[in-house]
Amino acid sequence: MTDRIRRALLSVAEYLDERIIRWRNGTTEGQIAVLAALLVLTGGILLLSLADYNVFPVATFVIPLLLGTMALRYRPLLVLILCAGVAAAITIRSQYVDYGLPAGRFSTLIVLALVAVLVLFESSRRRSGLPGSLGEAMLVDLRDRLQAQGVVPPLPAGWSSESAMRSAGGTKFAGDFLVANISEDETRLEMILVDVCGKGVAAGTRSLHFAGALGGLIGALPPVGLFAAGNDFLIRQNWHDGFATAVHVLIDLPSGDYSIINAGHPPALRWESASHTWEIDGARGNALGIMKHPDFHRTTGNLGVGDALMFYTDGVVESRVRDFTAGIEWLRTAAAVIVATGFDQAPRRILKLVASGDDDQAVLILSRSEASESKAGGTGT
């Protein structure tokens, strides 16, 4: 008997898991299953309301409506609202026959009707065609997959990379992103830090789009060709103010030789361990997405032991009270004090000194230290 009950419970659990998975995938079968469950709930509320209206008044029908808003697409939600409306009408008619229709109950009915209209209006404006929770889950999953491209892979001994990012307003979507790639033999590291025009959520969808394009090309094209392809991509989108600034670094890890290409981005900084200063890199160029044939200038150099490169977005150095040039000088001074005690968590410590403004902020530091037997992993937030 116990085994039968256990098998029955397992079968029910498997059935429910399958229906939940199909609902999360947005399938029609999943929507029908959720609609059926909410109609059963509506019917249960109807029976309870007819039995004891004081405990289950007509306003209780708002519960399945709110649940339907989170779980149903427009058409199933419309069916649910119509059924809930019929159930509410039956309840009101029963009360009217017995007690009449007091003003309080009439106003409750109006509020319920307004809730139904607002729920339908909100559902009709979802361009994804998915319920709010599913649409958000899909967008977050896409963001997580693309952000995984920006996680710097474990680096050979003696190298370390750390990054920190903060979006405007503290949202989970930002216009700043990082794309990184290391060759199969772990001798060449390639990274791009990009700042898409806009702030916070407004630039978030564009950055997701652009990150996917660059993530598929990095490592397959030379740096200049990669920027040219990214520039053509942005121009084809015909976005309003659809430009982006970017900085690209390609470094040969065994030797420390590197090259930097800048596309309208704030200049990179190089830490000179001998002089304990951050020097400004000279790479300059046009932003991506503005003209068909932008001009890029490459700089080259070599990172010795104790040296580092820092890349950042304009939100770190610009503010309403500090211009771009003064911001770079401030960053050079503040970062010099921070890295004097080591590069560990340096990007995070730098951002802690920057006020949370109305622009996205990102800092990336690639440093070279004494060789060790273990690999130094790239980290990012």
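Every heavy atom of this structure was used, including side-chain atoms; hydrogens, water molecules and symmetry mates were not.
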Discussion item. Using a 4.5 Å cut-off between side-chain heavy atoms of Ile, Leu, Val, Met, Phe, Trp and Tyr, which other residues end up in the same hydrophobic cluster as L118?
Written reply: none
Worksheet item: Could you give the distance from CD1 (I92) to CZ (F61), rounded to the nearest 0.5 Å?
Response: 9.0 Å
Worksheet item: Do Q31 and R73 meet the criterion of a side-chain donor-acceptor pair at a distance under 3.5 Å?
Response: no
Fill in: Worked check of side chain to side chain contact (heavy atoms under 4.5 Å, CB included) between I235 and L288
CA-CA 8 Å; I235 290 178; L288 304 176; over 6 Å; no
Practice prompt. Check for a donor-acceptor pair, side chain of T313 on one end and backbone N or O of A362 on the other, with a separation under 3.5 Å.
Written response: yes
Worksheet item: Looking only at atom types and distance, does a side-chain atom of E162 sit under 3.5 Å from a main-chain N or O of Q345, one as donor and one as acceptor?
Response: yes
Discussion item. Please check this pair: side chain of E272 against backbone of W278, looking for a donor-acceptor N/O pair closer than 3.5 Å.
Written reply: no
Worksheet entry | Side-chain heavy-atom pair T300, Y258 within 4.5 angstrom cut-off | no
Worksheet item: Sequence neighbours excluded, which residues qualify as ring pair (Phe, Tyr, Trp, His ring centres under 6.0 Å) partners of F233?
Response: H209, F210
Worksheet item: Taking C-beta and beyond as the side chain, do L226 and H248 meet within less than 4.5 Å on heavy atoms?
Response: yes
Worksheet item: Do S49 side-chain atoms and Y53 backbone N/O form a donor-acceptor pair below 3.5 Å?
Response: no
Worksheet entry | Check against side chain to side chain contact (heavy atoms under 4.5 Å, CB included), I280 and R332 | CA-CA 9 Å; I280 300 177; R332 292 177 65 196; 4.0 Å; yes
Practice prompt. Could you check if a side-chain atom of V194 sits within less than 4.5 angstrom of a side-chain atom of T245, using non-hydrogen atoms only?
Written response: no
Worksheet item: Would you call F343 and I338 a side-chain contact if the rule is heavy atoms closer than 4.5 Å?
Response: no
Discussion item. Is the shortest side-chain heavy-atom distance between E279 and W271 below 4.5 Å?
Written reply: no
Discussion item. What I'd like to find out is whether the side chain of T341 reaches to under 4.5 Å of the side chain of R349, using heavy atoms alone.
Written reply: yes
Worksheet item: Is D252 salt-bridged to R188, cutoff N-O under 4.0 Å?
Response: no
Item to complete: Working to the nearest 0.5 Å, report the span between CG of N286 and NE2 of H297.
Response: 8.0 Å
Worksheet item: Quick one: does T42's side chain have a donor or acceptor within less than 3.5 Å of a partner on L38's backbone?
Response: yes
Worksheet item: Do other residues, nucleotides or ligands put more than 12 heavy atoms under 6.0 Å from the CZ atom of R322?
Response: yes
Worksheet item: N262 versus F311: any side-chain heavy-atom pair under 4.5 Å?
Response: no
Practice prompt. Indicate yes or no for a side-chain donor-acceptor contact from W330 to the backbone of V317 under 3.5 Å, with no hydrogens or angles considered.
Written response: no
Item to complete: Taking D195 for its side chain and D176 for its backbone only, find out whether a donor-acceptor pair lies under 3.5 Å.
Response: no
Item to complete: Check the pair L193 / M165 against side chain to side chain contact (heavy atoms under 4.5 Å, CB included), numbers first and verdict last.
Response: CA-CA 11 Å; L193 181 62; M165 295 187 180; 4.1 Å; yes
Worksheet item: Hey, is the main chain of S183 close enough, under 3.5 Å, to the side chain of E190 for a donor-acceptor pair?
Response: no
Worksheet item: Can you find a heavy atom in the side chain of L364 that is under 4.5 Å from one in the side chain of M191?
Response: yes
Discussion item. Using a 3.5 Å distance criterion without hydrogens, assess whether the side chain of D307 forms a donor-acceptor pair with backbone atoms of S273.
Written reply: yes
Discussion item. Do N302 and D257 pair up side chain to side chain, a donor and an acceptor below 3.5 Å, judged on atom types alone?
Written reply: yes
Fill in: Side chain S94, main chain T91, donor-acceptor under 3.5 Å
no
